[in-house]
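Note on naming: letters A, B, ... go to the chains in the order of the sequence lines (proteins, then strands), and numbering restarts at 1 for each one. Values below: every heavy atom of this structure, side chains too, minus hydrogens, waters and symmetry copies.
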There are 2 protein chains.
Amino acid sequence: MTEKETKKRANLRDVARAAGVSVATVSRVLNTPEAVSKNTRDRVQQAIESLHFVPSAAARAINSGRTRVVGALVPTLDNAIFARFLSALEYELGEFGLSLVVATTAGDPGIEAEKAQRLIDIGAEALIVSGITHSPDFDNLISRTRLPTIATSYYDDGYSLPTIGYDNARASRMALQYLIDAGHRQIAVIHGPADNNDRTRARLSGLLVDMPGLETFKFETKITLEGGATAIQNALSAGTHFTAVMCTSDVLAQGVLFELHRQGMVVPSNVSLVSIDDLPVSGQSVPGITTVHLPVVEMGKKTANAVIRWIEDGIRPDSQLIDVTLKLRQSVAEIT
Amino acid sequence: MTEKETKKRANLRDVARAAGVSVATVSRVLNTPEAVSKNTRDRVQQAIESLHFVPSAAARAINSGRTRVVGALVPTLDNAIFARFLSALEYELGEFGLSLVVATTAGDPGIEAEKAQRLIDIGAEALIVSGITHSPDFDNLISRTRLPTIATSYYDDGYSLPTIGYDNARASRMALQYLIDAGHRQIAVIHGPADNNDRTRARLSGLLVDMPGLETFKFETKITLEGGATAIQNALSAGTHFTAVMCTSDVLAQGVLFELHRQGMVVPSNVSLVSIDDLPVSGQSVPGITTVHLPVVEMGKKTANAVIRWIEDGIRPDSQLIDVTLKLRQSVAEIT
DNA sequence: CAGCCAAATGTAACTAGTTACATAAGTTGA
DNA sequence: TCAACTTATGTAACTAGTTACATTTGGCTG
């Protein structure tokens, strides 16, 4: 193996030397080829090919001040609600030539701060996070770097960062109200961990309706199918009477539905079920689950566009409230 | 608004000037703080704070030659099988200080080549792709740039890039064989688009078992719950007789299961069902679906480690075959 | 108190591009 | 035929860091 073969990547100067031109000319071939005569252009192209030259992204970035990278921090990729959001976000950013770095936090503010630091280290031009509850380290980082950052899945006009999201409390109240209107008064509420999760807390707060005779029984569990199944088992064996189950996310509702099915209970004739998210599965399951539609695809688009305006034109976006609607399906029966 | 406020980010020189030291000293405070006296260090730190100084990632990268970014190209984020893979990949890469840029291709080789180019443009140190079927543009790009690239979800020792994945043909044959062993001879096969998808094609090829009396009826559909539901409707109304359904992915199987349920057919007493993927939902659904477990989390880890060795130590990984196993659950009945 | 060494800091040359400005060559018109 | 202009190319100074090497400073020893 000769010295030459082990040598590192060719740079602009190497190409210029090989083609017998100046670095400026090579740069022109790359960026404004029409400004270079066909003859020289071909010669430079050939040198580029034979040296396997690929321009350094870092060197370009240092000049333009742009990395064209946006970072997103989400609790997990395992819940389709985030995957769908990221999918829309990635697509829309891509339309504007921006790339998306995804970092998962497992819902841990410490990990979030760490990964946010890393995203900044790699030169992310903007950050997208979930919710408005973050660690002091994270808050300091954002205020110190003044990096364009948008909080999603949560609307709060008073927050220090622009928020693009929905009213989580309203979403759960809509679901609850539907149960109430159908005559339900004893309701098991199955929700994810409330610690460090302002979306969950907001959804729980939305259930604090002061109504005589209304009883809710809360069961906390992890947001997985299995978590939903375990929680409804607990609810059933707790001996409390309830005619309906309300889940704070569709993954839980799906787990509940499966477990009820397994136990021989039929939705909605034995128990009613409502939820929040409206993942595709809630439209396909049997019965279809009545759930509050969270427009995460729309949120992804709006977030992407807001980010683009912010980093491209320096216009800090206003917070945006995205409307939610209750999707009526077959999982709720009237209590007569 | 004064000139000063609209000015752009502070750089090393600005900090040095403000602290009354040289750029080298500021750089030392950042990288080897112990080499700087407490006094100067504090002074520099203060200047950094007050100027909101954040070191430029690009300038760092230009010196180190490292961006610490890895790019992954997947067909979609909407299928949990890819989300789970990326999740494991991101986690493992993160342990080594690498960030993951995710790009979706919608299974289109043209988009894949485009996004690969963009990943290279932003300085990705390595690429991870799905399968071994790519556009000529993509192939040229990889061979020209010699960028470390690993093909996943597919094992093929003879491919030009290292592959880390499973034997897709074997996976589907395992599922089929299980049906055959249970006495099934008429089998509806529901699969995703075979165009541009070598995983699907390999899975279909695994079904070409030469066995007297064995009949398979193929139905192509899009890989969504709804796609599965539509396909099984078509299979039922096609008038062909089958005692079992084999799906090439769990999302389809789930759609089939829901639709069969909707039609009042019971799995497995009326129809048996097998699949490939082993998403969590197949363990929770009723009945649990017998499906071939694809170890995507393990694949994510192995891919991450291979990438790290490649870019960190220059050791190009060998292809790795990851074993698949049939996960027995309750969706298959014996034909007697 | 000179001499020596280590610690602290500075100078300037790197990394790999882009680009303003200068210059050379070739074309056109008076 | 020479000024005026266009076109093509080169020179060198930027971008924002890192780092090898040089220099200064201070403490300790003989």
Checklist entry - Nearest nucleotide by nearest heavy atom, which residue falls closer to the 5' end of DNA chain C, B:Val23 or A:Thr25? => result B:Val23

Checklist entry - Once you round to the nearest 0.5 Å, how far does NE2 of A:His134 lie from CG of A:Asn140? => result 13.0 Å

Checklist outcome for this item: To the nearest 0.5 Å, atom CG of A:Leu73 lies from atom OG of A:Ser130 at 8.0 Å

What nucleotide, of [options], holds the atom closest to the side chain of [X]?
| X | options | answer |
| --- | --- | --- |
| B:Arg13 | C:dG10, C:dG17, C:dA13 | C:dA13 |
| A:Val36 | D:dA16, D:dT9, D:dT18 | D:dT9 |
| B:Ser22 | C:dT11, C:dT18, D:dT19 | C:dT11 |
| A:Arg28 | C:dG17, C:dA20, D:dG17 | C:dA20 |

Checklist entry - So what does B:Val21 touch, heavy atoms closer than 4.0 Å: a base, only the sugar-phosphate, or nothing? => result sugar-phosphate

So, OP1 or OP2 of [N]: does either fall under 4.0 Å of a side-chain N or O from [X]?
| X | N | value |
| --- | --- | --- |
| A:Arg60 | C:dT18 | yes |
| B:Thr40 | C:dT9 | yes |
| B:Asn31 | D:dT18 | yes |
| B:Ser64 | C:dT15 | no |
| B:Asn11 | D:dA16 | yes |

Give the rounded distance in Å between these two atoms: [atom1] of [X] and [atom2] of [N].
| X | N | atom1 | atom2 | answer |
| --- | --- | --- | --- | --- |
| B:Leu12 | C:dG10 | CG | P | 13 Å |
| B:Leu30 | D:dA16 | CG | P | 15 Å |
| B:Asn39 | D:dT25 | CG | P | 16 Å |
| B:Arg17 | C:dT11 | CZ | P | 14 Å |
| B:Ile48 | D:dA16 | CD1 | P | 16 Å |
| A:Leu51 | C:dA16 | CG | P | 13 Å |
| A:Asn63 | D:dA13 | CG | P | 16 Å |
| A:Lys38 | D:dT9 | NZ | C1' | 18 Å |

Next on the checklist: If we check side chain to side chain donor-acceptor pair (under 3.5 Å) with A:Asp42, which of these qualifies: A:Gln46, A:Lys38, A:Gln45?
Outcome noted: A:Lys38

Checklist entry - A:Ile150 versus A:Val129: any side-chain heavy-atom pair under 4.5 Å? => result no

Checklist entry - Which atoms form the tightest heavy-atom contact between B:Ala58 and A:Ile62, and what is the distance? => result CB-N, 3.7 Å

Checklist entry - Quick one: on DNA chain D, does B:Ile62 or B:Ala24 contact a more 5' nucleotide (nearest heavy atom)? => result B:Ile62

